Asker: 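The structure follows.
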2 protein chains.
Amino acid sequence: MATIKEVAQHARVGVGTVSRVINNASAVHPETRARVQRAILELDYYPNQAARQLVTAQTLTIGVILPFLVRPFYVNVLQGIAAAVLPSPYHLNIFNVETAAIRSYYFEELPVRGRIDGLIVISLPLEQADVDRLRGARIPTVLIDGWHPEIASVGMDNRAGTRLAVEYLIGRGHRRIAFMSGPLDEELHFQVNRHRLEGYHAALAAHDLHSYPSMEQSGVDTYAGGGWMTEQLLDLPVPPTAIFAASDVHALGALQTAVRRGLRVPEDIAIMGYDDIELAPYVNLTTMCQPMAEMGRRGVELLMEQLGAEPPQPIHDVLMATLVPRGTA
Amino acid sequence: MATIKEVAQHARVGVGTVSRVINNASAVHPETRARVQRAILELDYYPNQAARQLVTAQTLTIGVILPFLVRPFYVNVLQGIAAAVLPSPYHLNIFNVETAAIRSYYFEELPVRGRIDGLIVISLPLEQADVDRLRGARIPTVLIDGWHPEIASVGMDNRAGTRLAVEYLIGRGHRRIAFMSGPLDEELHFQVNRHRLEGYHAALAAHDLHSYPSMEQSGVDTYAGGGWMTEQLLDLPVPPTAIFAASDVHALGALQTAVRRGLRVPEDIAIMGYDDIELAPYVNLTTMCQPMAEMGRRGVELLMEQLGAEPPQPIHDVLMATLVPRGTA
DNA sequence: GTACGTAATGGAAACCATTCCATAATGGCG
DNA sequence: CGCCATTATGGAATGGTTTCCATTACGTAC
């Protein structure tokens, strides 16, 4: 590999001039510039990134730490991030978290290793210790689908979104509406399900409807889990007339189970999902659509702003999910 | 940030000794080592990555270039890769390709930028120019779901897998078996669909069955696409008794359409998929299961071997898909 | 007692780009 | 014609690590 020194010699200029041509900083005589550019081409020169990083103290790398990479929501956000980063000089480092141990490992090592310029955290709640560490290491951070007073974020108002969904069901005349979600407590301490449950309660309360513990199910985050919970609900002495599922995956399970039990949807049982995954339009699922790619895009935007000059106050964006009325509710 | 020099002064040793402690290379007196380690702790020292990279010429970064990040197959392979890389010191850079232009951009820039030590390419066929460039830049490369004589790879035998699937249908007594896949020609030049079509032909030929162009559909890669193609097939004067879909997404579309048209599956029409996506067991889809995470894991393994010492001959692994008999065929 | 191998250590050189200061050349203006 | 501002340019210093060579100290074998 050619070095800047060799290019300089070859073009009969100093290294400073070559550097100025590469980074087109300050004034270089057009003729000189042309000579340098020819030398670069002839020697097939590319600046050494490591040397550059050493002196500029920039890695041109953005870290993305996210749980459960394979789930549609996270991949879609990631895709939005990737698309937004593409036209920039930054590369994307991904860190997939599947257990609390790995979570801790990353949050302890990442800030300190000096391998990223900025960090995007998806869905994982930040503890104060994490925030302090990131701040100490001067790593601009953005939370996607999360919130912390000191950190810029682009979140979803899950309470309001759920309330919208449940009020839609109420508006369609339903009075016995069940709630179904993934686990309310797991080791990674996700907040989503809890927030959606709160939104559900808020909607009921706002319309003077009672909430019953037996109408609230939470369980494993799979299609099958949705099916099982639906069985529970339908076997109730007084079963619900509508089910709000906090994720489309569960809603699909519910749909499947309802059909298998010979119920008509939405006449006998209405089903509403959350997420609007790729499959949703195809099975005609009424659901809440989250702007996943947009969240990723906006997250990158917020991070880039911080990468320039840290604004005094962290910006908190809140996006709203929109209701997509289809055939199941 | 503390530097190695400060640590050395603080521990009253030379920088060389500190370096030896950090990288536990060669002999350091236990007492000295302890003193250095204490100094490191007290000064909260972490080696500067950029400086390290500069002198070792290693980035400790592996690039993964893959198309259509959001599709289940790619995410799952990526997850396997991420899991395999986790215990190593390497980080993962992902490059999502959605158009031929972006593909070219990455393949031209990546080798030359000196930001990755090795590259994993998923599904994207390599042109000779790409191979030469990668070789020229001394970037060890592994192909996942791809093949090139000069590059190590872990691939799927899509012809054999498809043949297995179609022969299973033949074994169940089917004689009019349709084929359905994504586009045979698109700008990224994927080979899968073509290979699966070849496997389909081979299976028919081996059992003296005719193949008819009208029984071979290819179209867009969505659930809806599968539905449309199924309509075409079922509207044929002599419709098929079984459909082999080259992906589960299409199979799901077929299933949906068949049910909507009041056909019993598998009695009136048998449906076989390919991939075994998360949804497949839940809708009881008979399909071919690809060891996606395993492909990722094995790809990393092959790359790591090359990262040590380049073996003279590239290793070509071929994994087989396994048939998962369920309720639709 | 001498010679030699081994363990432990210090520190200069090398890695390669950016930055900044010094200097040279040029042009305009009084 | 002299002075100053501006434009171009060269190159040393800088960043922080690893590596390698030189040196010291010590134990062992003859």
Side-chain angles (χ1 to χ4, degrees), chain A residues 1-41 43-61 89 91 112-117 137-138, chain B residues 1-40 43-61 89 91 112-117 137-138 307:
Chain A
M1 282 300 283
T3 69
I4 199 173
K5 207 176 186 178
E6 292 167 338
V7 173
Q9 282 167 359
H10 197 263
R12 299 188 313 283
V13 296
V15 289
T17 303
V18 178
S19 177
R20 277 184 287 268
V21 170
I22 298 170
N23 305 292
N24 48 353
S26 77
V28 176
H29 194 91
E31 209 169 88
T32 316
R33 153 165 285 125
R35 213 164 65 241
V36 170
Q37 279 166 338
R38 198 149 43 80
I40 289 176
L41 249 48
L43 297 180
D44 194 29
Y45 166 75
Y46 286 88
N48 179 307
Q49 277 303 321
R52 230 177 209 186
Q53 286 180 24
L54 180 57
V55 49
T56 60
Q58 279 201 3
T59 62
L60 293 185
T61 299
H91 282 188
V112 113
R113 290 292 177 210
R115 294 180 60 174
I116 54 173
D117 289 342
R138 297 241 142 60
Chain B
M1 282 299 283
T3 69
I4 200 173
K5 210 175 184 178
E6 293 168 337
V7 173
Q9 283 168 357
H10 197 263
R12 299 189 313 283
V13 296
V15 289
T17 303
V18 178
S19 177
R20 278 184 287 266
V21 170
I22 297 170
N23 305 292
N24 47 352
S26 77
V28 175
H29 192 90
E31 209 170 89
T32 316
R33 153 165 285 125
R35 213 164 65 240
V36 170
Q37 278 166 338
R38 199 148 45 79
I40 288 176
L43 297 181
D44 194 30
Y45 166 74
Y46 286 87
N48 179 307
Q49 277 302 322
R52 230 178 209 183
Q53 287 179 23
L54 179 57
V55 49
T56 61
Q58 280 200 2
T59 62
L60 293 185
T61 299
H91 282 189
V112 111
R113 288 294 177 207
R115 294 181 60 173
I116 55 173
D117 289 342
R138 297 240 142 60
L307 249 22

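Just so you know, these numbers come straight off a predicted model, no measurement behind them. The sequence lines fix the lettering, A, B, ..., with proteins before strands; numbering per chain opens at 1.
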Asker: With rounding to the nearest 0.5 angstrom, report the CD1 to CZ distance, B:Ile40 to B:Arg35.
Answerer: 12.5 Å
Asker: Any chance you could measure A:Ile4, atom CD1, to A:Thr17, atom OG1, to the nearest 0.5 Å?
Answerer: 9.5 Å
Asker: Using atom types as modelled, flag every donor-acceptor pair under 3.5 Å from a side chain in residues 5-14 of chain B to any protein atom, sequence neighbours excluded.
Answerer:
{"from": "B:Glu6", "atom 1": "OE1", "to": "B:Thr3", "atom 2": "N", "distance (Å)": "2.9"}

Asker: In a table with atom names and distances, give each donor-acceptor pair under 3.5 Å that connects a side chain of residues 44-53 of chain B to protein atoms at least two apart or in another chain.
Answerer:
{"from": "B:Asn48", "atom 1": "OD1", "to": "B:Ala50", "atom 2": "N", "distance (Å)": "2.7"}
{"from": "B:Asn48", "atom 1": "OD1", "to": "B:Ala51", "atom 2": "N", "distance (Å)": "2.9"}
{"from": "B:Arg52", "atom 1": "NH2", "to": "B:Asn23", "atom 2": "OD1", "distance (Å)": "3.3"}

Asker: Minimum heavy-atom separation for B:Thr59 to B:Arg115, with atom names?
Answerer: OG1-O, 3.6 Å
Asker: From CG of B:Leu60 over to P of D:dT18, roughly how many Å is that when rounded to an integer?
Answerer: 11 Å
Asker: At under 4.0 Å between heavy atoms, what does A:Val15 touch on the DNA or RNA strands: base, sugar-phosphate, or nothing?
Answerer: base
Asker: Side chain of B:Arg12, base of C:dG10: donor and acceptor closer than 3.5 Å?
Answerer: no
Asker: Rounded to 10°, tell me the angle between the two end axes of the helix from C:dG1-D:dC30 to C:dG30-D:dC1, each built from five pairs.
Answerer: 50°
Asker: Within the 4.0 Å heavy-atom criterion, would you say A:Val13 contacts the bases, only the backbone, or no part of the nucleic acid?
Answerer: sugar-phosphate
Asker: Rounding to a whole Å, what distance do you find between A:Gln58:CD and D:dG15:P?
Answerer: 17 Å
Asker: Return the minimal non-hydrogen interatomic distance between B:Leu60 and B:Asp117, and the atom names on each side.
Answerer: N-OD2, 2.7 Å
Asker: Please report, rounded to the nearest Å, how far the C1' atom of C:dA13 is from the NZ atom of A:Lys5.
Answerer: 12 Å
Asker: Send over the distance from A:Asn24 CG to C:dT18 P, rounded to a whole Å.
Answerer: 12 Å
Asker: Using salt bridge (charged side-chain N to carboxylate O under 4.0 Å, His left out) as the criterion, list what pairs up with B:Arg138, not counting sequence neighbours.
Answerer: none
Asker: Please list, pair by pair, any protein nitrogen or oxygen found under 3.5 Å from a nitrogen or oxygen in nucleotides 14-16 of chain C.
Answerer:
none

Asker: Find the distance between CD1 (A:Ile22) and CZ (A:Arg33) and round it off to the nearest 0.5 Å.
Answerer: 11.0 Å
Asker: Supply the atom-to-atom distance B:Ile116 CD1 to B:Gln58 CD, rounded to the nearest 0.5 angstrom.
Answerer: 13.5 Å
Asker: Tell me: CG of A:Asn23 to P of C:dT19, nearest whole Å?
Answerer: 7 Å
Asker: For D:dT18, does OP1 or OP2 lie under 4.0 Å from any side-chain N or O of B:Ser19?
Answerer: yes
Asker: Need to verify one output field. Residue with the more 5' nearest nucleotide on DNA chain C, B:Thr17 or A:Tyr46?
Answerer: B:Thr17
Asker: When you measure from every atom of DNA chain C, which of residues 29-39 of chain B have a heavy atom less than 4.0 Å away?
Answerer: B:His29, B:Thr32
